[in-house]
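As structure tokens, the structure follows; a few thoughts come after it.
Below, each value reflects all heavy atoms present in this structure, side chains not excepted, and no hydrogens, waters or symmetry copies. Each ligand, and each atom within it, is numbered from 1 in the order the structure gives.
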Amino acid sequence: MKVRYFDNAATTRVKEEVLKEMLPYFNERYGNPSSLYSIGRISKKAIEEARKKVASLINCQANEIYFTGCGSESDNTIIKGIAYSQRKKGKHIITTQIEHPAVLHTCQMLEKQGFTVTYLKVNKEGIINVEELRNSIRNDTILITIMFANNEIGSIQPIEMIAKIAKMYNIIFHTDAVQACGNVPIDVRKMGIDCLSLSGHKLYAPKGVGALYVRNGIEFEKFLDGGHQEKNKRAGTENVAGIVGLGKACELANFHLIEHMKHLKELRDYFIAQVQEKIEGAVFNGGIEKRLPGNANFSFPSVDGEALLLNLDAKGICASAGSACTSGSSAPSHVLASIGLSDELAHSSLRVTFGEDNTKEDVDYLVESLCEIVKKLRNS
Ligand SMILES: *Cc1c(COP(=O)(O)O)cnc(C)c1O
């Protein structure tokens, strides 16, 4: 059966051009980037080229990019790294209730070590209140970490406003942009972002590689001790092939951004309209304005989300309930709870995230299948 993939927020397929660029670095060009002979220098050069491409996607300098093992590692590195290096100045951190677990659990871990964390609420659209942010700032606030775009409901935060407030109070601002990178324009200089996390496998590069942008001049303690790689901030022989893949994916994302966004938005809006027209009682979760172009999230009252997913799977459709990171646990999504959904509605939710491979015909098949399954489950 043909697989139709609508879970691009969980991961994406590696693009052909990306894979092609990576392949030589597994065998022919296998040198250790730290070695001085020519095949080592070839690897080193490939990493530096990739660094420029990642930097170019978000408009920072190449030497402000650190390669990591994943988006979660980028989040851990910078949040703990700043907390530890600034602990003399203060121990207060501000974040939101709807962060990815890579940020939430890192903050909770810091709380156990004596830091204090404020978790900002969000409104029905999944957006923070900047006045509440301003009121949460204390003399000892050292870091504001607020995600660029949410992985479950796609809500996009007022990043430039947040950055302005952070700057006004001389507080470092980090954003988890794992979902946003490659899906919306990001310019860290113009937007005033100090630190940013991104991940390869969410933008058509492989799993196991991520990047962290840290504005020059910001101190942070290193997370992995060992060799001197990544300006002595991230020990371990580099994942050269993965880094090359991430570089290529960023280059392509940069080049195709406008048309990519348009494609996703067309599919999403068509899907939303079809569902609202054809499925009685469907509840759209989150807002439509400040939202990732490829994200749709619905609840179908009196339908069990897990049963819905299994039935979709039987038709070759991959989608998600809430988030990939919470599937397997029966607790309702913390994000859907934060935007005010009852447990019952949260348990009947479906997240559909479009990607570059999806077509309108795929969406027709999805809607047709959904109508049939929702009807069946409601009658059973
Ligand atoms: C996927 C995701 C992460 C984690 O990235 P990994 O590379 O899988 O560790 C972090 N934050 C957000 C918003 C994500 O969607």
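- Annotation: Met261, atom CE; neighbour count of heavy atoms from other residues, nucleotides and ligands within 6.0 Å is above 12.
- Close contacts of ligand 1 with Cys70, meaning ligand atoms under 4.0 Å from a residue heavy atom, involve 6 (P), 7 (O), 9 (O).
- Taking every non-hydrogen atom of Val178 and a distance limit under 4.0 Å, the qualifying atoms of ligand 1 come out as 1 (C), 2 (C), 3 (C), 10 (C), 11 (N), 12 (C), 14 (C), 15 (O).
- Ring geometry, Tyr84 versus Phe115: the interplanar angle falls from 30° to 60°, so the pair is classed tilted.
- Residue-to-ligand polar distances keep Glu73 apart from ligand 1: every N/O pair is separated by 3.5 Å or more.
- None of Ser155, Ser349, Ser333 except one satisfies the side-chain contact (heavy atoms from CB on, under 4.5 Å) rule with Asn285; the exception is Ser349.
- Contacts between His201 and ligand 1, counted as non-hydrogen atom pairs separated by less than 4.0 Å, involve the side chain only.
- Near Ser72, the atoms of ligand 1 lying under 4.0 angstrom from a non-hydrogen atom of the residue are 4 (C), 5 (O), 6 (P), 9 (O).
- Judged by the 6.0 Å distance and 45° axis criteria, Lys233 is positioned over the aromatic ring of Phe220.
- Applying the side chain to side chain donor-acceptor pair (under 3.5 Å) test to Asn139 and every residue at least two apart in sequence or in another chain returns nothing.
- Considering backbone and side-chain N/O atoms, Gly71 comes within less than 3.5 Å of an N/O atom of ligand 1.
- The cationic group of Arg268 does not satisfy the cation-pi geometry with Phe271, failing either the under 6.0 Å distance to the six-membered ring centre or the 45° limit from the ring axis.
- For ligand 1 and Asn151, the ligand atoms under 4.0 Å from any heavy atom of the residue are 13 (C), 15 (O).
- Between Tyr25 and Tyr30, the gap from one ring centroid to the other reaches at least 6.0 Å.
- Short contacts between ligand 1 and Gln179, defined as distances under 4.0 Å to a heavy atom of the residue, involve ligand atoms 13 (C), 14 (C), 15 (O).
- With ligand atoms numbered from 1 in the order given, ligand 1 contributes 1 (C), 2 (C), 3 (C), 14 (C), 15 (O) to contacts under 4.0 Å with heavy atoms of Lys202.
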